[in-house]
Each structure stands twice: as structure tokens, then as C-alpha cells.
4 protein chains.
Amino acid sequence: MPRRVREQQIIDVGVRVFAKRGYHAASVDEIAELAGISKPMVYLYLDSKEGLFLACLRRESDRLVAAFQGAARAGAPEERLYAGLAAFFGFVSDHRDSWVVLHRQAADLGATIAAEVGEVRRVVMAEVAGLVGDGITDSGSGCRGALLGKEDADFVAHALVGAADSLTDWMARNPGESPDGVALRLMHMVWVGMRHALDGEAWAPGER
Amino acid sequence: MPRRVREQQIIDVGVRVFAKRGYHAASVDEIAELAGISKPMVYLYLDSKEGLFLACLRRESDRLVAAFQGAARAGAPEERLYAGLAAFFGFVSDHRDSWVVLHRQAADLGATIAAEVGEVRRVVMAEVAGLVGDGITDSGSGCRGALLGKEDADFVAHALVGAADSLTDWMARNPGESPDGVALRLMHMVWVGMRHALDGEAWAPGER
Amino acid sequence: MPRRVREQQIIDVGVRVFAKRGYHAASVDEIAELAGISKPMVYLYLDSKEGLFLACLRRESDRLVAAFQGAARAGAPEERLYAGLAAFFGFVSDHRDSWVVLHRQAADLGATIAAEVGEVRRVVMAEVAGLVGDGITDSGSGCRGALLGKEDADFVAHALVGAADSLTDWMARNPGESPDGVALRLMHMVWVGMRHALDGEAWAPGER
Amino acid sequence: MPRRVREQQIIDVGVRVFAKRGYHAASVDEIAELAGISKPMVYLYLDSKEGLFLACLRRESDRLVAAFQGAARAGAPEERLYAGLAAFFGFVSDHRDSWVVLHRQAADLGATIAAEVGEVRRVVMAEVAGLVGDGITDSGSGCRGALLGKEDADFVAHALVGAADSLTDWMARNPGESPDGVALRLMHMVWVGMRHALDGEAWAPGER
DNA sequence: CATGAATGAGTCTTCATTCAT
DNA sequence: AATGAATGAAGACTCATTCAT
């Protein structure tokens, strides 16, 4: 069996096991066994547990980015945000484990891995920030850009990513909902408000 | 040194270490050392690594609930949501590790612990769902209740908890922001839209 | 509470626990707790786990010897053997744990203890050897002494002690039997044969 | 080195160490070291300390049973008993540790092990009971069967096994004696008497 | 007389990793 | 290309034992 194929098989299993158990609790033994090969092969191909995890991380990260970029890159900003969210929920629907590996590792990783995980998260966040920042900046007359400056976009991106991550669980518990439906609901929550907020409507505690 | 005091000291350190490393990667040795005592004391007082973790979980969970309940329980629904969010961000500001222990464990926990962690998460979610569900249901003329039925409240609660969790990281990276400020920003994102959404304004893909 | 009383209480519990678990698996913690006192008292009174075990050993050994010596020391030799056996089975009936502590420890004891246990076993064996050796030597015309010389008496003593020990289990599983009954049965097995053997009757393989 | 061979080596050493120290006091470390391998191998091949002990137990138990069954299974009943005893003493002469592992563990074993040890002891006892029960029942005119009913055979078996066990120690201290010699002496003690006892001769305390 | 608090040392067990074949 | 055999290092847990009070 050619090397590349084997490698992918190992990574497939790795993603499953890392998602199920977390980095530390996952054992190379289990991964090798589920992959149907012997442990030395894992080390031959992927170097170390860390190497294996990084390979998983990278492949899934690429897949997620690809899913994002496959989504409509043009059109009205809100369309693009919607498309991005829909792509995200679609991706998670299809590859639950990938997202878990990418986003739900505990803080128990070595320096090298932590760095790469941080990088992945930053990329995701930047992608989303681009979506909302650009989206809104470009969105119309141009003067609205002020409200969502770089810092605001980052704030909103964090909120959106967090919400989306959490809604991942909600989806798992509400299997009837389609990814597009979830994205739409989230848009309702966020976009309608944003539209008005950009027009200057605000909320303040103590208002009545 | 009396038992109770020591116990709290151990839990203090436990929360710190579990937050930093995650359940599996945390070692009882390290916790004992940081607590300035020997391992057997940890076992004498907390029974096992699992027992220690559960003790941490429970204490921090209680603290979080207390922080929530200290927030205004009366007033207009949006005031209550704002107060709840502000309380949450305040709590996380003061006890970063607590939230990490409560919410960011990887999937590598034994059955007993997983059950308790699940329970904690469910309670938090229910608290928030209550905030938005009741808040909106009661909010005005009463007829708005329809939009945020039980399922909607659950959806919104997931989105909010996820957003808040993620904004936790944002706060850590933007130390200038006060918890109240973060809560306010999140309210802007969400509440203004909700107000309009409840009035029937919607968004649909492909609209223009 | 006076020291002597406490000491006996501790030894009481010690015998129970050592019998139930064996020397190694018994824990001083458990003994202290069952005795209703704190561990330092155990150490104050008995010095160490080894000291505690030795105290148990000695007390129970004395009790067993006393039980033996209480049995008829005079009379026909076979009467004395019977009385000795009956005393033994009576003792074990009443103090199962004592016998277990005295005779059923695994080989896992430190040098000091092993020596003392060996000594106790030797004393028991000698007592019995005395019973059969003297018994038979003195028994009648005097010429029979030849058959049961010192080595023979030792052999018979080993066989008898082993049989008695094992019958201890049989008794436990046949609660209807009285100690005297068991002793009688054993006498039947052994004495009748011995009477004839002393008269020169033998058995050889291949005889027909 | 192939797995099977190593496994047997480990068990060899296990029997030696368990015999010398007893289950609890034996340490896997020591066994690994004496076997000339590292601890993980022991766990890889035998699973756990318990697993290792059970493996020892089973192998030695099989050996003992084989030794028994190698002994003459036919011939006059007393011949068979003698052959059985001789086989036993021969076995113990050659494999002192085996018998110790099989029969001399303190009461400190976990449930699983205790069950298996109990089973082994029951098998040995049944084997001997079969020897004396059948042996005597079948022995002659047939009418003698009455004396050694099932319960009597069990009693005698206990006595014999106990005696044999104890004589094991005697043998160790009298190295000149051959196993056959010991068996013969024990036959003298027991069989001659039994022959007469079956013919109705009895002994009663107080008789003269 | 009595104990709560504390620990050094040791045991079982597992895991990532390598080497000889 | 592939693996059976092997291990150093580390982690959870327990126990006999001792102070300070």
C-alpha cells in the first residue's frame, strides 16, 4: 500500500481518536490498532505523537478553510457572512471530529502544538473577522465602516465563532435542523441588530 | 493547619493547574507541590484525582452560580440579561481559571466526571435560557412570547454562552476592557437585533 | 482507660484483622479504626506493625498452649492424645482467628517475625510430638518405644498437626460437628491403626 | 525471544517469588528483575499482577493434576491411594514452590483470585476424596462402603491433604527421605487403621 | 492520655518511543 | 514495507510511621 494512502488512513483514525479522547488521553496504541497497522509504521510516517496530531490539525484546518473559501466570496456582505456561516455549519455537520480536534483541545498541549493550535484558531478568527469587518466596511455608503473598526470586527468575530462553536452542540442535540437553517437563525439574531446598530441605534442599561 | 483551610488551599491550586493543563495532563504531584504539601495529604482530603477535580468543579460552579444570582433578578428583561452577562464577564475577569475548569475540559474525562461536567454546563445553559426565554416572553405586551419559544430560547442561550465563552479570550487579549463594557457590546450585537426581530423584522438570503 | 485494657483491645482487633487479611494486607489504619482509637496510640502501645503482630502472635500462642495444657495431662497415652486433639479443636472452634494468625500466614514476613512464627510452630509441633512420642513410648510394656522414636514422633506430629489444621476448614464447613466429635473421628483414623502398627502389622505396596 | 518462551520464563520466576513472599508481599518489580526483563513486558504478557498470579496458579495446578493422573489409576484401592500420595510427595519434592503457591497463600487475595484458589483447593480435595471414597467403597466385599460415605470421605480427604501438606515441611527438614518413603509412612499411619476400622474396630475415650 | 496533621518511600500500571529482523 | 519485542520514564495511589499539640 502506497505511503500517501496509509498516511491518510492514519490521520483519519487520528482525528477520530483525538476528537473522542483529547490529545493526552489518546494513545498511539489505539490509533495504530484502529488503523490496522503496527505502531512503528505510525512513527515511520508521522514521526511522533505530536507529529501525528499536527498532521491531523493541518489537514482538518485545510479542509475547514477550503469549506469556507468554497462559500460565495462575492455578493453583498451579509450574503457572504451567511454563506460563511452556512459553510461552517455544513462542515461541522459532516466532520464533527474535525472541529473538535481543531477547537476543543484542552490547554494540555506542548509548546509546539499549542503554537500551531493557536495559529489555527487565529486563522479561523481572522477569516471570520474579515467576513464581518470587510463585509460591513464595504457594505454600503462606506461611512458605516467607522462602527466596525478592526477592534470591533475582532470582537464580533470572537462572538460569532464562539456562538457557532456552541451551536455545534445545539445541532448535535437537534438533529432535525439543517446547517443552513442554523446559519439562518444565527443571522437573524445578529444581522438584523447589526443593521440597526450601524444606523446608530443603541442600547444602554437603565434606558427605559 | 486545620483541615478545612488546607482543603481550600488544595482546591485553589487544583483549579489553577487543571485550568492550565486540562484534567489528564494535570498531575497530582504538581498540585501537591504547588500547594506546598505532600501527595498523601491530597489523597487524604480529596480521595483521588477525580475527587479533587470534582471538588474544584463544584466549588467553582457554586461560585459562578452565586455570581449570577447576585446579579439583578428583577427589572426589565433586557436589564436582567445585561446584568447576567455583566456578572458573567465580571466573574471570568476575576476567576479566569474557574471558567476554564468549568467549561474547557477536553472530552477525555471518565464517566463520573463527564456526568458532573455535563450537569454544570446544563445548569449554566438553563440559567441563560431562563434569562432570554423569560426575559423576552414577559417583555412587553406579552404577544412577543411566541418568537422565543422553548426551542428558540435554547438556541439563543447556546449562541450567547458560546459567544460569551469565546469573548473570554477576547477579553484576555484586550485587558483595557471592563467586564461591563464587554457585556454592553454583546448586548448591542444581540439585543437591538432581537428587539426588531421580535417585531417581525427578518433577514433572508437573497433579499436585497 | 488503663493501658493494659487498651492494649488487649488493640490485640483483639489485631488478631481479627490479621486473620482476615494476612500480615501484609492488614493495615494499621484499619486496626486503629476498628479499635476505636487513633493510630499514634497503636504505636505508643505496640511500637510498630511488627510489634503489634508479635503481640497478637504471643497472646494467641499462649492461649493455645494453655488450652492444651488444660487438657488431661495424665491417664493412658491415647486418652491424652484424644484430650489434646479435643482441646485443639475446641480452641479452634472458639478462636478461629487465633489459629489463622498462628498458622496461616504466608511466607511474607520479615526476619524477626518469621523467626517467632517458626518458634510458635515448633512449640506446637513439639507439644504434639510429646503427646504421641511419650504417649506411645510409655504406653505399656515399654518395648514399643522402638517404633516411635524421636523421628517417628516428629513425623506423626507433622501429620497430625497438618490434618488437624486442614480439618479446621472441614469443621467450618460442617457446623453440626462438635470439636469432640472431630477429635474422635481423627482418633479412629489414626489410633486404631497405630495400635496395630505398633504390634507389627504393616502395609506394603504390591502386597495383596 | 518469542513470546511463549518469555511468558513461561516470567511464570517460572513468578512461582518462585510468589512462593517465597506470598501474593501481596511479592512485587512485580522483583519478578521482572529476576526474569531479566523490564516491568512493561510483564504487563504486556500477563496483563496485571493478578493476571500473572492466575497464570502461575493455573500452570502449577495443571502440573499437579497431571502428576496425580500419571499415578496408577487402576489396581487395588489402597494401591491407588499409595500411588496418589507418592505422586504428591514426588511432585512437591520436585516443585516445592508450586505447592506453596497453590496451597499456602494467606487470606489476603482479591475476589477473583480467591475464587480461583478456592477452586484449585476444591479440585485437589475432590481428587483425594475420590481416592479414599472410591477406594474404600469398592474395596472388597462391597459392604464396607457404609463406613466411608460421602461425608466420611470428605473428612478423611481433609485429614490426608492437611497431613500431606504438613509433611511437606517435614520432608524439607529431612532431606534423606524419598517421596515414596514418606508416602509409605503415611500409609502405615492411616491404612492399617482404616483396614481395621472398616472391620468395625473402634476406639472410644474412657475405654480401657 | 490522646490525636489531627503530615510524609518518605514504595507499589501497580501505562505510555511514547525504539530496535532487530 | 512492516512488525514483534522491548523499555525508560512517569503517574496514581497506599502505607507505616512520626510530630506538635
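A, B, ... follow the sequence lines: proteins, then strands. Residue 1 opens every chain.
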task = Have a look at A/R3 and say if it touches a base, only the backbone sugar-phosphate, or nothing, with a 4.0 Å heavy-atom cut-off.
result = nothing
Tell me what A/A26 touches on the nucleic acid: a base, only sugar-phosphate, or nothing, going by heavy atoms under 4.0 Å. sugar-phosphate
- Stepwise side chain to side chain contact (heavy atoms under 4.5 Å, CB included) check, A/R59 with A/D12: CA-CA 10 Å; A/R59 200 188 66 180; A/D12 285 343; 2.7 Å; yes
Going through the checks in order, is the side chain to side chain contact (heavy atoms under 4.5 Å, CB included) test met by B/R58 and B/E116? CA-CA 9 Å; B/R58 280 169 194 151; B/E116 187 117 358; 2.6 Å; yes
Return the value, rounded to whole Å, for the distance between atom [atom1] of [X] and atom [atom2] of [N].
| X | N | atom1 | atom2 | value |
| --- | --- | --- | --- | --- |
| D/E7 | F/dG4 | CD | C1' | 14 Å |
| D/D29 | F/dT7 | CG | C1' | 13 Å |
| C/K39 | F/dA16 | NZ | P | 8 Å |
| B/M41 | F/dT14 | CE | C1' | 14 Å |
| C/E33 | F/dA16 | CD | P | 14 Å |

With D/K49 as the cation and D/F18 as the aromatic partner, state whether NZ or CZ is under 6.0 Å from the six-membered ring centre and within 45° of the axis. no
Is B/D169 paired with B/R96 through a side-chain N to carboxylate O contact shorter than 4.0 Å?
yes
Carefully, step by step, assess C/Y23 and C/L57 under the rule side chain to side chain contact (heavy atoms under 4.5 Å, CB included).
CA-CA 11 Å; C/Y23 179 75; C/L57 210 57; over 6 Å; no
Whichever of D/L44 and C/A25 has the more 5' nearest nucleotide on DNA chain F, that residue is D/L44
Of B/Y43 and B/P40, the one whose closest nucleotide on DNA chain F sits nearer the 5' end is B/Y43
Going by heavy atoms in the side chains, are [X] and [Y] under 4.5 Å from each other?
| X | Y | result |
| --- | --- | --- |
| D/R16 | D/K20 | no |
| B/E50 | B/S48 | yes |
| A/R104 | A/T168 | yes |
| D/Q9 | D/V13 | no |

Those stems involving DNA chain E that have three or more consecutive Watson-Crick or G-U pairs, both distances under 3.5 Å, are E:2-21 with F:2-21
By nearest-heavy-atom nucleotide on DNA chain E, the more 5' of A/D47 and D/S27 is D/S27
Min and max contacting nt of DNA chain E in 5' to 3' order, chain C heavy atoms within under 4.0 angstrom, are E/dA2 to E/dA6
Among F/dT3, F/dA10, F/dA16, the one nearest any side-chain atom of A/I37 is F/dT3
